[in-house]
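Read the structure below first, then the notes.
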Amino acid sequence: MTGVVTAGEIAAWWPVPGAESHKYTRGVVGIDAGSPQYPGAALLAISGALGAGPGMVRYLGSAPRDLVVGRFPSVVLADGQVQAVVAGSGWGALVDAGPRLREALERRVPLVIDADALRLLPADLPAETLLTPHAGELARLLGVERGEIEADPVAAAVLAAGRFKATVLLKGAVQPVASPDGSVRLALSGPAWTAQAGSGDVLAGACGTLLAAGLPAGRAGLMAASLQALTASRFPGPYPPDVQASRFPEVVWGLLAPDQQ
Ligand SMILES: NC(=O)C1=CN([C@@H]2O[C@H](COP(=O)(O)OP(=O)(O)OC[C@H]3O[C@@H](n4cnc5c(N)ncnc54)[C@H](O)[C@@H]3O)[C@@H](O)[C@H]2O)[C@@H](O)CC1
Ligand SMILES: Nc1ncnc2c1ncn2[C@@H]1O[C@H](COP(=O)(O)OP(=O)(O)O)[C@@H](O)[C@H]1O
């Protein structure tokens with residue numbers, strides 16, 4: 001049986017800062033998303049990362065830097081220590097994905113591998129790697145038709161996690177998170193308002209923040225996907241994905257302190 005994660009589990013796992021916390025202990029997430037071809041993907045991934053409550057976001061990608069700090073002044077452009085990296089969203093054809101992914105791997109921290117970085121997975125992925133394909137990307141990775149993935153997303157996620165020895169969050173209407181040991185859980189589901197260009201980039205950013213906070217990849221995937229779904233349930237309507245991400249904190253607070261809502 002495949003269990004659905006509960007709101008209570010998400011609240012219990014949420015990384016709440018303590019009195020002694022500082023930005024580096026809360027977790028620094030490096031975002032290598034976006035490019036001159038897809039600059040918006042950088043902003044979307046950053047909006048998702050910030051909405052999940054990181055200690056710091058470093059921008060490591062190739063989108064125009066003025067665009068990034070003009071929109072998000074808390075983002076640090078200087079390279080340095082990170083505890084997790086999000087790689088691949090919006091790289092497009094202008095980023096040389098092989099060297100770029102190797103650079104991310106050389107940091108030896110947990111990774112979210114999304115979108116264009118999923119085209120060239122190395123044989124040995126680090127522990128706590130989270131792959132975030134949609135059905136089209138997973139079909140390409142497994143060399144099967146997309147319909148096969150959509151017919152049984154849970155089986156497809158389990159197959160992929162075993163094959164790539166990494167945790168797999170398969171995006172879509174039903175969102176299984178499968179681990180290499182064969183276990184699988186479903187994220188909470190939400191309305192299909194989230195099915196819009198850029199929601200995946202937001203989700204990757206949120207996953208990165210939770211990995212940087214030290215959560216195992218499976219929990220990070222379940223928490224971030226559920227947070228996005230819960231936000232779309234609480235704030236239904238055609239909000240763009242970065243606006244949805246800006247409401248994440250209210251939803252997190254609702255999980256942590258339900259009686260104060
Ligand atoms: N504002 C931006 O800058 C955005 C940039 N994006 C970037 O755009 C590039 C292309 O991404 P795409 O995903 O469109 O293209 P891909 O070429 O990776 O995938 C397209 C194929 O997958 C199928 N597919 C797409 N989404 C699916 C889903 N959720 N379920 C099932 N099948 C699906 C499509 O039917 C198509 O066959 C990536 O680099 C991506 O990160 C997108 O994330 C959208 C927003
Ligand atoms: N039917 C649906 N119901 C709810 N959420 C959905 C549905 N379809 C897709 N999503 C969400 O939309 C996002 C789509 O991601 P993706 O296809 O990678 O988009 P993009 O690359 O354009 O950002 C994911 O976050 C997924 O959770």
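For ligands, and for the atoms within them, numbers begin at 1 and follow the listed sequence.
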To which of [options] does the heavy atom nearest [atom] belong?
atom: atom 6 (N) of ligand 1; options: Val202, Asp242, Leu203, Asp201; result: Asp201
atom: atom 23 (C) of ligand 1; options: Gly136, Ala45, Ala117; result: Gly136
atom: atom 19 (O) of ligand 1; options: Glu150, Arg146, His134; result: His134

Next item on the list: Indicate yes or no: at least one non-hydrogen side-chain atom of Asp114 is less than 4.5 angstrom from one of Lys171.
Entry: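 Counting from C-beta outward, Asp114 and Lys171 do come under 4.5 Å.
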
So which heavy atom in the protein is nearest [atom], and how far is it from that ligand atom?
atom: atom 12 (O) of ligand 2; answer: Thr194 O, 3.1 Å
atom: atom 8 (N) of ligand 2; answer: Ala195 CB, 3.5 Å
atom: atom 17 (O) of ligand 2; answer: His134 CD2, 3.3 Å
atom: atom 24 (C) of ligand 2; answer: Lys171 CD, 3.8 Å
atom: atom 2 (C) of ligand 2; answer: Ala173 CA, 3.6 Å
atom: atom 5 (C) of ligand 1; answer: Tyr38 CD2, 3.6 Å
atom: atom 39 (O) of ligand 1; answer: Asp116 OD2, 2.4 Å
atom: atom 19 (O) of ligand 2; answer: Gly200 N, 3.6 Å
atom: atom 4 (C) of ligand 2; answer: Pro191 O, 3.5 Å
atom: atom 13 (C) of ligand 2; answer: Ser199 CB, 3.4 Å

Does [X] use its side chain to pair, donor to acceptor, with the backbone of [Y] at less than 3.5 Å?
X: Ser199; Y: Ala195; value: no
X: Ser89; Y: Ala33; value: no
X: Asp116; Y: Trp91; value: yes
X: Glu148; Y: Ala156; value: no
X: Arg58; Y: Gln81; value: yes
X: Ser179; Y: Asp181; value: no
X: Gln244; Y: Ala232; value: no
X: Gln228; Y: Thr194; value: no
X: Glu128; Y: Ala217; value: yes

Rounded to the nearest 0.5 Å, what separates atom [atom1] in [X] from atom [atom2] in [Y]?
X: Arg163; Y: Leu142; atom1: CZ; atom2: CG; result: 5.5 Å
X: Arg219; Y: Thr167; atom1: CZ; atom2: OG1; result: 12.0 Å
X: Leu130; Y: Leu125; atom1: CG; atom2: CG; result: 11.0 Å
X: Arg26; Y: Thr209; atom1: CZ; atom2: OG1; result: 9.5 Å

Below 4.0 Å, non-hydrogen atoms only: which portion of [X] touches ligand 1? Side chain, backbone, both or neither.
X: Lys171; result: neither
X: Ala41; result: both
X: Leu44; result: side chain

In terms of atom number and element, which parts of ligand 2 are under 4.0 angstrom from non-hydrogen atoms of [X]?
X: Ala197; answer: 22 (O)
X: Gly198; answer: 20 (P), 22 (O), 23 (O)
X: Gln175; answer: 26 (C), 27 (O)

Should you measure from each heavy atom of [X], which atoms of ligand 1 turn up under 4.0 Å away?
X: Arg140; result: 17 (O), 18 (O)
X: Glu137; result: 18 (O)
X: Ala115; result: 41 (O)
X: Ala135; result: 30 (N), 31 (C)

With respect to [X], determine whether any N or O atom, backbone or side chain, lies less than 3.5 Å from an N or O atom of ligand 1.
X: Gly90; value: yes
X: Ser89; value: no
X: Gly198; value: no

[atom] within contact range, any protein heavy atom under 4.0 Å:
atom: atom 36 (C) of ligand 1; answer: no
atom: atom 2 (C) of ligand 1; answer: yes
atom: atom 15 (O) of ligand 1; answer: no
atom: atom 11 (O) of ligand 1; answer: no

Notebook entry, point to check: Side chain or backbone of Ala115 under 4.0 Å from ligand 2, or both, or neither, by non-hydrogen atoms?
Noted result: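 Within the 4.0 Å criterion, Ala115 makes no contact with ligand 2.
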
Notebook entry, point to check: What do we get for Leu203 next to ligand 2 when only non-hydrogen atoms under 4.0 Å count, side chain, backbone, both or neither?
Noted result: side chain

Check: Hey, is ligand 2 close enough to Gln228 that some N/O pair sits below 3.5 Å?
Finding: yes

Check: Does ligand 1 have an atom that lies less than 4.0 angstrom from a heavy atom of Gln37?
Finding: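 In this structure, Gln37 fails to qualify as a contact of ligand 1 - no heavy atom is under 4.0 Å.
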
